[in-house]
Amino acid sequence: MTWPGLIETYRDRLDIEPGTTAITLLEGNTPLVPAPTLSALVERQVFLKVEGANPTGSFKDRGMTLAVSKAVAGGARAVVCASTGNTSASAAAYAARAGIEAVVILPAGNVALGKLAQAVRHGAKIVQVAGNFDDALRVVRDMADDRVALVNSVNPDRIEGQQTIAWEVMEALGGAPAVHCLPVGNAGNITAHWKGYQAADAAPVIWGFQAAGAAPIVHGEPIDDPETIATAIRIGHPASWEAAVAARDESGGMIEAVTDDEILAAYDLLASSEGVFCEPASAASVAGLISRRAELPTGSVVCTLTGHGLKDPATAVDESVEIEPVAPEVDAVRASLGW
Ligand SMILES: *Cc1c(COP(=O)(O)O)cnc(C)c1O
């Protein structure tokens with residue numbers, strides 16, 4: 001059977017009125033790819049849940065299909081969100097599909113180009129505020145009303161839809177992994193992972209990782225000027241803070257920090273050794289796994305790779321990539337290769 005998208009697949013397990021029309025781009029059903037190089041390095045079986053394979057290139061589609069379907073059923077004429085990029089890309093695509101407006105509020109600077117391109121092409125109205133993500137979220141919370149649905153992860157429908165990732169992992173492995181690693185930004189996704197596992201009576205250890213320059217939960221206090229190359233997790237006041245801490249503590253897990261250098265090393269390893277290209281924020285899950293590998297219990301490990309590498313071409317093609325043309329002759333090409 002062809003995959004019908006998350007709502008049709010999990011309708012009986014999701015909080016959605018029977019008969020609600022699904023606004024779907026056939027999200028979900030993403031590959032769980034074995035990672036042999038990483039497995040050898042950490043001496044556990046490691047799998048990568050490749051969320052970049054979703055329709056807009058990130059896990060945000062899992063929650064957006066539910067949030068936009070319910071918003072439309074409730075009579076919304078627009079969706080609004082604050083976004084470091086992927087939420088806006090997803091909201092814009094699902095709003096376009098539904099035939100309603102999308103308004104996205106971006107923090108100043110540092111929105112990865114691929115994500116902005118998506119919001120533009122899907123026809124979202126884009127406003128950039130002279131502030132950070134946390135400022136943008138404060139603004140959209142005040143904009144939401146009966147006809148304007150807030151689709152940030154403070155909307156419980158987002159978390160509800162995102163929990164499907166845990167169910168897919170369990171179906172693919174025939175049970176939960178021992179440890180599930182993921183990046184933590186606004187902390188909706190770690191909340192959703194834990195919710196999904198609990199709903200399925202499973203309790204893997206949850207390891208969440210923040211970027212060292214944006215690690216409020218690790219330090220136990222909000223940060224006003226978060227800084228990291230991993231723009232998707234450059235968040236100083238996580239909206240789902242308490243639920244993230246509950247996921248950590250109830251699962252016997254951790255929320256720790258990884259440096260930008262560790263993130264970039266993991267990003268490189270994934271692309272060059274596993275053949276999987278994710279965005280920098282996604283690689284925080286693997287950076288954390290590598291740095292904490294001495295503490296792994298026995299059993300398999302899943303790392304959520306939250307978004308596709310093409311989202312952030314500027315980080316991918318840094319100054320190290322300089323391609324000079326040579327003569328169109330085999331000898332010249334061989335010489336250039338050093339063959
Ligand atoms: C949104 C996002 C995150 C962070 O998820 P939270 O739910 O905010 O913790 C991480 N990586 C990518 C690629 C994202 O788009």
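Counting starts at 1 for both ligands and their atoms, in listed order. No experiment lies behind these values; they were computed from the predicted model shown.
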Examine N186 against ligand 1 and note whether any of their N/O atoms are separated by less than 3.5 Å.
yes
Test: D312 and K115 ion pair at under 4.0 Å
no
Atoms of ligand 1 under 4.0 Å from any heavy atom of N189, numbered from 1 in the order shown, are 6 (P), 7 (O)
In terms of side-chain geometry, is the basic nitrogen of E168 or R62 positioned less than 4.0 Å from the acidic oxygen of its partner?
yes
Between T191 and ligand 1, find which residue part has any heavy-atom pair under 4.0 Å and reply side chain, backbone, both or neither.
neither
R293 bridged to E43 by N-O distance under 4.0 Å:
no
Looking at H237 versus F133, is the centre-to-centre ring distance below 6.0 Å?
no
Atom pair CG (D157) and OG (S69), whose distance is rounded to the nearest 0.5 Å:
9.5 Å
Which ligand 1 atoms, with their elements, are less than 4.0 angstrom from a heavy-atom of A187?
6 (P), 7 (O), 8 (O), 9 (O)
Kindly determine whether T315 and L264 satisfy side-chain contact (heavy atoms from CB on, under 4.5 Å), including the steps that lead there.
CA-CA 9 Å; T315 300; L264 288 173; 4.2 Å; yes
What I want to know is whether T306 and ligand 1 share at least one N or O pair that is separated by under 3.5 angstrom.
yes
Check K311 against ligand 1 and report side chain, backbone, both or neither, counting heavy atoms closer than 4.0 Å.
neither
Ligand 1 and S282, any nitrogen or oxygen pair closer than 3.5 angstrom?
no
May I ask you to list the atoms of ligand 1 that are less than 4.0 angstrom from any heavy atom of E279?
13 (C)
Element-labelled atoms of ligand 1 that are located less than 4.0 Å from some non-hydrogen atom of G185
4 (C), 6 (P), 8 (O), 9 (O)
Ligand-residue contact atoms, ligand 1 with A281, heavy atoms, under 4.0 Å
11 (N)
Relative to each other, are the rings of F209 and W207 parallel, tilted or perpendicular (30° and 60° limits)?
perpendicular
Under a 4.0 Å N-O cut-off, is there an ion pair linking K195 with E160?
yes
Atom indices of ligand 1 within 4.0 angstrom of K60 heavy atoms, with elements:
1 (C), 2 (C), 3 (C), 14 (C), 15 (O)
Looking at atom 5 (O) of ligand 1, what's its closest protein heavy atom, distance included?
F59 CZ, 3.5 Å
State yes or no: do F47 and L289 share one hydrophobic cluster built from I, L, V, M, F, W and Y residues joined by side-chain heavy-atom distances below 4.5 Å, directly or via other members?
no
Distance-only N or O hit between ligand 1 and G188, under 3.5 Å:
yes
S153 near ligand 1 by a heavy-atom separation under 4.0 Å
no
Proximity of V184 to ligand 1 by residue part, where a heavy atom lies under 4.0 Å:
backbone
Please answer: with hydrophobic residues joined when any side-chain heavy atoms are less than 4.5 Å apart, are I206 and I255 in the same cluster?
yes
